[in-house]
Amino acid sequence: LVVILITQRYFYIVNVSFAEFVSIYALKHLYGGYGQGIFSTGLHNKVTQSCVQVHGEQPVAPEAEEKYLNWIRQRAEHIPLQQLTGEQGFMGLTFSVNEHVLIPRQDTEILVEEVLKELHDGMRVLDMCTGSGCILLSLLHYSNDCEGLGVDLSAEALEVAGRNVLKVLTPEKAEHAHFLQSDLFE
């Protein structure tokens, strides 16, 4: 709990918003809320915000402490937390993200929900400037027998989108996702 308060104060000083959310989210990530636990006592498999607050005095492995402090330093430089953790939730799915793609936003989920209302079995979808592929892959995930093409100028972004195919689609649906590197104006 002390580390959360220190982190919140530090973020306030360096003018980083959502300090409480960011510090708790980062701690949850490190404590194993989204993977393996790092409590040196091995007490928890899944960590909640309450868990971090109640057991915040538990020692952590030195490498985890260093990773957390590094994240705090990077976050103070206004690097999005999602880029630090490498993931972002979108449409109930978890997508890989990095500095080469835009962070999927909740308001974009409204777009996907509206498209899903009009999307019928077997339709084809074109996603220009696909980035992480979150829009295209969400549409393919929640539809039946649709085919999709994601286009982006950035090879690095397409690499992220390719990783997300395997992360969010079943092998059968993954066969229907395609990506192409191209410039809109060529």
Side-chain angles (χ1 to χ4, degrees), residues 18 21-38 44-49 51-52 64 67-68 70-71 74-75 79-184:
F18 302 107
F21 169 76
V22 168
S23 59
I24 289 173
Y25 181 84
L27 278 174
K28 282 175 59 175
H29 206 87
L30 287 173
Y31 277 136
Y34 304 98
Q36 63 203 31
I38 62 155
H44 304 284
N45 292 329
K46 179 79 172 160
V47 176
T48 64
Q49 180 174 336
C51 215
V52 170
K67 186 174 184 179
Y68 178 76
N70 187 42
W71 278 0
Q74 290 177 305
R75 183 64 192 115
I79 295 173
L81 183 62
Q82 296 87 343
Q83 285 183 8
L84 301 178
T85 62
E87 61 184 34
Q88 170 67 12
F90 183 82
M91 293 294 297
L93 306 168
T94 302
F95 288 87
S96 293
V97 295
N98 63 22
E99 68 278 5
H100 301 291
V101 299
L102 295 174
I103 306 299
R105 296 172 46 104
Q106 286 182 331
D107 53 342
T108 307
E109 291 182 353
I110 296 168
L111 168 73
V112 173
E113 290 168 353
E114 291 301 313
V115 171
L116 282 171
K117 291 176 185 176
E118 304 298 324
L119 194 60
H120 303 290
D121 294 354
M123 289 182 88
R124 297 184 327 184
V125 178
L126 174 62
D127 181 13
M128 301 300 291
C129 305
T130 195
S132 66
C134 67
I135 294 173
L136 174 66
L137 298 175
S138 295
L139 291 169
L140 295 178
H141 178 84
Y142 292 112
S143 65
N144 295 314
D145 300 320
C146 288
E147 188 93 12
L149 175 64
V151 180
D152 206 294
L153 177 62
S154 167
E156 293 91 349
L158 291 172
E159 194 174 302
V160 174
R163 283 196 309 268
N164 283 326
V165 169
L166 303 173
K167 196 170 185 176
V168 302
L169 296 180
T170 64
E172 299 80 32
K173 287 189 176 192
E175 292 178 16
H176 299 284
H178 310 283
F179 295 97
L180 174 68
Q181 184 177 6
S182 180
D183 186 339
L184 282 170

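Heavy-atom basis, side chains included; hydrogens, waters and symmetry copies ignored.
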Applying side-chain contact (heavy atoms from CB on, under 4.5 Å) to Y142 and L93, what does each step give before you reach the verdict? CA-CA 11 Å; Y142 292 112; L93 306 168; 3.9 Å; yes
All side chain to side chain donor-acceptor pair (under 3.5 Å) counterparts of E114, not counting sequence neighbours: K117
Roughly how far, to the nearest 0.5 Å, is [atom2] of [Y] from [atom1] of [X]?
X	Y	atom1	atom2	result
L139	K173	CG	NZ	10.5 Å
L153	M128	CG	CE	10.0 Å
H141	C134	NE2	SG	13.5 Å
C146	H120	SG	NE2	9.5 Å
N144	L140	CG	CG	11.0 Å
L158	L180	CG	CG	8.0 Å

Would you name the heavy atoms of [X] and [Y] that are closest together and state the gap between them?
X	Y	answer
S132	N164	O-ND2, 2.9 Å
F90	F95	O-CE1, 3.6 Å
A161	F179	CB-CE2, 3.6 Å
D152	G131	OD2-N, 2.8 Å
V160	S96	CG1-O, 3.3 Å
L136	G150	CD2-N, 3.5 Å

Just checking [X]: does its [atom1] atom have more than 12 heavy atoms from other residues, nucleotides or ligands closer to it than 6.0 angstrom?
X	atom1	result
E109	CD	yes
E99	CD	yes
I79	CD1	yes

Test applied, side chain to side chain contact (heavy atoms under 4.5 Å, CB included); reference residue, I103; option that passes from V97, N98, T108: V97
Can S154 and E156 be counted as having a side-chain donor-acceptor contact under 3.5 angstrom? yes
Mind running side-chain contact (heavy atoms from CB on, under 4.5 Å) on M91 and E113 for me, showing each step along the way? CA-CA 9 Å; M91 293 294 297; E113 290 168 353; 4.0 Å; yes
